[in-house]
K.L.:
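Encoded as structure tokens, here's the structure I'll be asking about.
The chain is numbered in sequence order, starting from 1. Predicted model only: the values in this text are computed from it and were never measured.
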Amino acid sequence: EGFIVTYKKEYTIPPLSASHFAPDPSLPPSWMMIEICSFGFFSRLYKALKTTYRKGIAQVFSLDEQIVSSWFHALSVARNICAHHARIWNRSLGVTPKTPKRDELFAAGDSSKVSAILLILIRLLQTIEENSGRQKSVIAFITGSSEYFQRKMGFYPKHIHRLRQI
């Protein structure tokens with residue numbers, strides 16, 4: 001990546017000794033390396049964490065760590081489908097993310113279709129950025145689609161009704 005090349009040209013000596021950052025002083029800072037990691041990498045990284053760390057991250061979203069793990073994997077699969085310009089709106093994704101049992105928004109939906117991904121995004125955005133414009137845009141996209149497209153994406157009338165209440 002260009003910004004890492006620029007970093008190496010601009011900063012030849014780290015501000016503190018290398019032992020404070022990484023065993024190799026030629027490596028850029030961790031935040032910079034994170035910028036070039038794939039979503040699939042983060043999904044696998046989350047799965048590789050100790051259970052206590054996974055539970056801590058999942059607790060931020062008020063979810064079980066196994067649900068978060070399945071969501072990260074499903075988001076990674078959906079991202080890859082989109083990145084390779086494949087059709088996503090009316091197909092089975094090949095993965096079925098776990099859903100919270102007591103969450104009415106996910107009840108009786110087709111969790112193998114893009115509806116599950118969009119509902120996951122809505123739930124994550126609710127936690128990360130309450131009343132966000134992004135969340136409202138996702139909801140507006142879904143509720144503004146025709147009934148035909150809503151059904152093909154895996155949404156049922158009760159989903160649409162609940163989304164309009166958010």
K.L.:
Are any non-hydrogen side-chain atoms of Pro100 and Phe106 less than 4.5 angstrom apart?
P.N.:
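Yes. Closest side-chain heavy atoms under 4.5 Å.
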K.L.:
Just by distance, no angles: are the side chains of Arg134 and Ser137 close enough, under 3.5 Å, to form a donor-acceptor pair?
P.N.:
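No, no side-chain donor-acceptor contact under 3.5 Å.
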K.L.:
Using side-chain heavy atoms (C-beta onward) and a distance below 4.5 Å, is Ile67 in contact with Thr99?
P.N.:
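In short, these two side chains do not touch, never coming nearer than 4.5 Å.
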K.L.:
Which pair of heavy atoms, one from Phe72 and one from Phe39, lies closest together, and at what distance?
P.N.:
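Here Phe72 and Phe39 meet closest at O-CE2, 3.4 Å.
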K.L.:
Evaluate the side-chain proximity of Arg151 to Tyr156: yes if any heavy-atom separation is below 4.5 Å, no if none is.
P.N.:
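Yes, their side chains come closer than 4.5 Å.
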K.L.:
List the steps, then state whether side-chain contact (heavy atoms from CB on, under 4.5 Å) holds for Glu129 with Gln135.
P.N.:
CA-CA 8 Å; Glu129 195 177 30; Gln135 177 190 13; over 6 Å; no
K.L.:
So, does Arg164 use its side chain to make a donor-acceptor pair with the main chain of Ile160 at under 3.5 Å?
P.N.:
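No, the answer is negative, given that no donor and acceptor are paired below the 3.5 Å cut-off.
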K.L.:
Does atom CZ of Phe141 have more than 12 heavy-atom neighbours from other groups under 6.0 Å away?
P.N.:
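Atom CZ in Phe141 is not crowded, with 12 or fewer foreign heavy atoms closer than 6.0 Å.
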K.L.:
Given Pro97, which partner from the list Ser69, Ser70, Ser112 fulfils the side-chain contact (heavy atoms from CB on, under 4.5 Å) test?
P.N.:
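Only match with Pro97 under side-chain contact (heavy atoms from CB on, under 4.5 Å): Ser70.
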K.L.:
Would you indicate whether the side-chain heavy atoms of Ile57 and Leu49 approach each other to under 4.5 Å?
P.N.:
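Side chain of Leu49 against side chain of Ile57, heavy atoms only: contact under 4.5 Å found.
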K.L.:
For a 4.5 angstrom cut-off between non-hydrogen side-chain atoms, does Asp64 reach Lys98?
P.N.:
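A side-chain contact is absent here, since even the closest heavy-atom pair is not under 4.5 Å.
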K.L.:
Using a cut-off of 6.0 Å, state whether more than 12 heavy atoms not belonging to Lys55 lie near its atom NZ.
P.N.:
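No - once you tally the heavy atoms of other residues, nucleotides and ligands closer than 6.0 Å, there are 12 at most.
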K.L.:
Take Leu63 and Arg123 through the side-chain contact (heavy atoms from CB on, under 4.5 Å) test and state the conclusion after the steps.
P.N.:
CA-CA 10 Å; Leu63 294 167; Arg123 279 294 182 237; over 6 Å; no
K.L.:
Judged by modelled atom types alone, do Gln165 and Arg162 share a side-chain donor-acceptor pair under 3.5 Å?
P.N.:
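Checked: Gln165/Arg162 side chains show no N/O donor-acceptor pair below 3.5 Å.
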K.L.:
Taking the side chain as every heavy atom from C-beta outward, state whether Ile128 and Val60 have any pair of such atoms under 4.5 Å apart.
P.N.:
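No, too far: nothing below the 4.5 Å cut-off.
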